[in-house]
Protein chains: 2
Amino acid sequence: MGDRLRKHIEEVVPLSDDEYAFVLSHFSKEAYGKNDFIIQQGESVNHCYFVISGLLKLDYNGLDGKDHIISFAMENWWESDFAAFFTQTKAQMSLQCIEETHVLSISLNNYNKLAADFPKMEYFFLKKSNAGHIASQRRILSFLTSSAKERYEQLLEQYPILFQRVPKMLLASYLGVSRETLSRLSH
Amino acid sequence: MGDRLRKHIEEVVPLSDDEYAFVLSHFSKEAYGKNDFIIQQGESVNHCYFVISGLLKLDYNGLDGKDHIISFAMENWWESDFAAFFTQTKAQMSLQCIEETHVLSISLNNYNKLAADFPKMEYFFLKKSNAGHIASQRRILSFLTSSAKERYEQLLEQYPILFQRVPKMLLASYLGVSRETLSRLSH
DNA sequence: TCATAATTGTGATGTTTGTCACACAATAGT
DNA sequence: ACTATTGTGTGACAAACATCACAATTATGA
């Protein structure tokens with residue numbers, strides 16, 4: 001479990017023991033309980049997080065008070081309010097634990113230092129960012145092309161595990177439908 | 001006009017004349033006519049494009065034969081089917097000119113070489129990729145939080161120029177509503 | 001310039017989805 | 001074990017949006 005980050009990075013670039021130790025020295029380990037907020041809307045965002053275990057939701061609370069889930073973050077995912085993190089502005093989203101969660105966090109300073117001092121990691125971050133961009137485009141496409149029922153079925157196919165770990169009202173919020181509609185879609 | 005790319009890069013990192021010449025040597029200039037395809041669904045995607053002038057649409061043709069526009073690309077935008085480009089798979093989207101368009105294209109080889117040989121550009125590409133990811137998240141959020149009418153008004157506010165350059169049926173396709181609904185929303 | 005194609009507006013109608021209301025089930029904390 | 005809280009299912013109704021049909025307008029090209 002201690003080297004989950006290493007395995008994750010080595011899917012993109014190989015690392016020696018020393019290199020991994022150097023990388024790891026830029027992170028700090030944090031633990032959160034269920035329902036804890038890692039990022040709160042309106043506060044400043046100083047870190048980006050790698051999920052070791054547990055489950056997070058990145059969400060936006062609209063003026064109507066409704067919860068809109070931009071993404072879930074499971075084991076091996078990177079998450080933050082990236083807009084706020086990279087531009088050092090206040091969070092427009094919150095990052096909250098759905099389960100007890102362990103993360104490795106990296107500050108923007110350390111992120112920049114790591115990228116600047118260690119080309120392998122700049123390459124890794126670039127790959128990850130591109131992958132994130134592509135994943136977001138896929139999600140946009142599903143809104144453009146698919147009905148609520150189709151989006152539900154796509155999610156069920158792609159991340160069946162979510163249906164066991166996440167209350168359905170949150171899945172509804174992720175899919176962009178009301179919980180009542182989601183309930184009716186499932187049969 | 002010839003140094004539009006340079007100005008664009010220098011918004012992120014400064015470049016000497018020599019450095020810019022080096023960067024530029026990795027690109028080739030291409031011109032396309034209205035309605036030309038730069039990328040066709042099903043073909044391989046060997047390049048990523050920087051728009052010097054003109055206007056493109058990145059779209060997906062569903063099984064129903066409908067056009068779903070993932071994004072428009074105007075002056076100073078980078079566009080490609082990034083999933084296909086980075087993983088060297090077949091295009092799932094098409095990239096087509098709405099207007100006569102001039103681009104600078106870079107192959108994946110040159111992209112990787114440029115990033116590897118010239119840290120400033122790897123940094124630049126990382127910044128751009130992060131910005132793209134953030135922009136996509138904003139778009140997801142607008143689908144989650146906003147009605148068709150609200151999305152229409154957001155688009156009108158953010159890119160009024162599109163309403164002069166793009167047929168409304170394409171805007172409808174971008175917003176995810178029928179052209180009839182869009183027509184009714186506009187008054 | 002004229003004919004053709006592409007785009008736009010609008011009514012009538014049906015489908016999908018949201019909202020409100022309430023009962024019931026599951027979960028968490030003491 | 002027992003409340004309080006949180007989550008789920010379902011009916012009735014309203015709102016948003018899609019679809020079809022057709023007329024009107026605006027580009028486009030030989």
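Below, read A as the first sequence line, B as the second, and so on, with proteins coming before strands; counting in each chain starts at 1. Values below: all heavy atoms of this structure, side chains included; hydrogens, waters and symmetry mates excluded.
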key: Contact nearer the 5' end of DNA chain D, comparing B:Ser146 with A:Pro167   = A:Pro167
key: A:Lys149 side-chain N/O to C:dT17 phosphate OP1/OP2 under 4.0 Å   = no
message = What's the closest nucleotide to the side chain of B:Ala148 if the choices are D:dC17, C:dT7, D:dG7?
response = D:dC17
note = To the nearest angstrom, the CD1-C1' distance between A:Ile98 and D:dG7 comes to 14 Å
Nearest non-hydrogen partners of A:Leu156 and A:Phe163, listed with the distance = CA-CE1, 3.3 Å
query = Can you tell me how far C1' of D:dA27 sits from CD of B:Glu100, to the nearest Å?
reply = 17 Å
ask   = Has A:Lys34 got a side-chain N or O lying under 4.0 Å from the OP1 or OP2 atom of C:dT27?
value = no
query = Just to confirm, is there a sub-4.0 Å distance from OP1 or OP2 of D:dG9 to any side-chain nitrogen or oxygen of A:His187?
reply = no
task = Using modelled atom types only, decide if a donor and an acceptor are shared between the side chain of A:Ser129 and the backbone of B:Asn130 within a distance under 3.5 Å.
result = yes
task = Mind calculating the distance between CG (B:Leu185) and P (D:dA18) to the nearest angstrom?
result = 9 Å
query = Could you give the OH-to-P distance, from A:Tyr152 to D:dT8, as a whole number of Å?
reply = 11 Å
Nucleotide D:dT6, atom C1' - distance to CG of A:Leu170 in whole Å = 11 Å
request  = Consider the side chain of A:Ser147, meaning its heavy atoms from C-beta on, and name the nucleotide among C:dA28, C:dT17, C:dT10 that approaches it most closely.
outcome  = C:dT17
Proximity to the side chain of B:Ser178 - top-ranked nucleotide from D:dA18, D:dT8, C:dT10 = D:dA18
Minimum-distance nucleotide (side-chain atoms of B:Thr181 versus C:dT19, D:dA18, D:dT8) = D:dA18
ask   = For the side chain of B:Glu180 and the base of D:dC17, is some donor closer than 3.5 Å to an acceptor across the two?
value = no
query = In whole Å, what is the span from the NZ atom of A:Lys66 to the C1' atom of C:dT17?
reply = 12 Å
query = Could you state the CD-P distance from B:Glu99 to D:dT28, rounded to the nearest angstrom?
reply = 11 Å
request  = List the steps and the verdict of salt bridge (Lys or Arg N to Asp or Glu O under 4.0 Å) for B:Lys66 and B:Asp59.
outcome  = CA-CA 10 Å; B:Lys66 280 182 202 158; B:Asp59 57 359; over 6 Å; no
key: Cation over ring face, A:Arg139 and A:Tyr174, 6.0 Å, 45°   = yes
query = Given atom CZ of A:Arg179 and atom C1' of D:dT10, what is their separation to the nearest angstrom?
reply = 10 Å
ask   = Does the side chain of B:Tyr60 reach to within under 4.5 Å of the side chain of A:Leu144, using non-hydrogen atoms?
value = no
request  = Could you tell me whether the side chain of B:Arg184 has a donor or acceptor atom within less than 3.5 Å of a complementary atom in the base of D:dT19?
outcome  = yes
